[in-house]
Amino acid sequence: MPALCRDCLSMLENARRCPNCGSPRVKTHAELFDLTIAHMDCDAFYASVEKRDNPELADKPVIIGGGRRGVVSTACYVARIRGVRSAMPMFKALALCPDAVVIRPRMSVYAEVSKQIRAMMDELTPVVEPLSLDEAFMDLSGTERLHGAPPAVMLAGLVKRIKDELGLTGSIGLSHNKFLAKVASDLDKPRGFSVIGAAETVAFLHDKPVRLIWGIGPAGQESLEKAGIRTFADLLRWEQEALTARFGSMGYRLWHLARGQDKRRVSAHDPIKSISNETTFFEDTANTDVLDGHLWRMAEKVSGRAKARGLAGRVVTLKLKQSNHKILTRRVSLRDATQMADTIYRQARALFDQLGDRGPYRLLGCGLSDLCSEAEADKSGDLLDPGAAQRSVAERATDDIRKRFGSDAIVKGRALR
Ligand SMILES: [Mg+2]
């Protein structure tokens with residue numbers, strides 16, 4: 001069985017303790033030297049930076065957060081043992097841990113450290129996708145030749161280097177896709193090195209709760225639980241069509257995740273978080289027809305950019321600036337991700353109608369966020385709106401004509417206003 005010493009980086013066979021350096025920190029796994037998709041996550045990052053920079057804090061419970069009325073942004077492991085968690089209100093954290101040292105976040109310092117870590121990751125592979133200051137996906141496919149060592153060795157080397165040079169610790173998850181790599185990095189924190197191989201994927205997931213899926217919050221958990229879905233085994237009992245009918249595009253994704261399948265690629269470029277468009281008017285206006293025309297035009301622009309990138313979004317946002325510069329924003333979450341101008345426009349218009357304020361306005365904006373691949377989007381329109389499918393077909397036909405004859409070939413009546 002392939003094995004790796006995480007201290008001296010020796011590649012071994014079936015060792016419990018490293019024969020070269022004597023370390024017990026040996027990782028053994030059948031697929032250890034074949035897997036290439038990794039997730040690296042620093043351990044209690046902000047708190048660890050503070051402890052590094054002030055050794056007096058080493059054994060004390062440290063909470064990074066915004067003062068007494070704020071929330072916990074990071075708790076060190078000493079504070080976590082006492083029950084303190086990220087996002088917990090500060091008063092609650094201090095009730096659990098009255099002797100905690102509370103430190104206001106020094107974001108510029110953390111950003112600087114993050115850059116140093118990023119530089120180290122860039123030496124391993126050009127395909128690094130950061131998720132936040134302290135975590136990133138890496139795709140090390142095809143790098144073995146360059147480095148003369150498989151990804152597992154390079155990744156163990158990376159966290160060793162982060163420890164030696166920056167005085168911080170991190171955990172690695174190594175697997176065959178992003179979903180599982182992210183799950184793995186969280187299995188054995190701090191200083192973890194966890195592997196989920198292809199052969200064990202389905203068995204590994206079987207009894208795990210579906211809340212392991214990144215992006216499923218309390219609301220998502222509740223709606224899954226209402227459908228009797230708590231574990232991956234529960235999910236496996238559902239047909240793909242049934243899941244999609246009940247949960248929309250998320251159902252499609254859940255069906256694949258239940259089988260440990262995740263086709264998303266590690267993307268080296270900053271992922272786009274949202275697509276939006278806004279207009280500042282020459283003169284403030286309260287004319288609903290004029291505003292409606294702008295709204296349609298912006299929905300078309302947003303939709304066009306989404307289609308060009310092969311993206312769809314689950315949240316539509318409306319933004320208005322009043323004459324006194326006060327900004328109003330409203331958002332709606334859709335059951336199915338969309339990239340259709342018609343849907344974006346209708347949702348934004350409904351938000352506008354619900355405002356109960358008729359301006360005048362100096363700026364109007366509309367956006368699409370919570371983006372995903374267009375493969376997960378609604379192709380047939382809203383099942384509850386029988387006209388939507390037809391409008392969707394018409395919009396795609398319009399897109400085809402524009403592709404062939406230019407973007408001015410068809411201008412909908414609304415945009416001419
Ligand atoms: Mg972290």
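Worth knowing before you read on, the calculation uses all heavy atoms, side chains too, and leaves out hydrogens, waters and symmetry mates. Start at 1 and go down the list; that is how both ligands and their atoms are numbered. Position 1 is the first residue of the sequence; numbering continues from there.
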Q) Is it true that Arg349 and Asp292 have a side-chain N and a carboxylate O under 4.0 angstrom from each other? A) yes
Q) Any side-chain heavy atom of Leu166 sitting closer than 4.5 Å to one from Gln116? A) yes
Q: For the residue pair Thr201 and His176, establish whether any side-chain heavy-atom pair is separated by less than 4.5 Å.
A: yes
(Q) Less than 3.5 Å apart, any donor N or O on the side chain of Ser185 or Asp41 sitting next to an acceptor on the other? (A) no
Q.
Could you work out, with side chain to side chain contact (heavy atoms under 4.5 Å, CB included) as the rule, every residue matching Asp7, not counting sequence neighbours?
A. Cys5, Cys21, Ser23, Arg25
Q) Counting no waters, how many protein N/O/S atoms sit under 2.8 Å from the Mg ion (ligand 1)? A) 3
Q.
Quick check on Glu13: does its CD atom have over 12 non-hydrogen neighbours (other residues, nucleotides or ligands) under 6.0 Å away?
A. yes
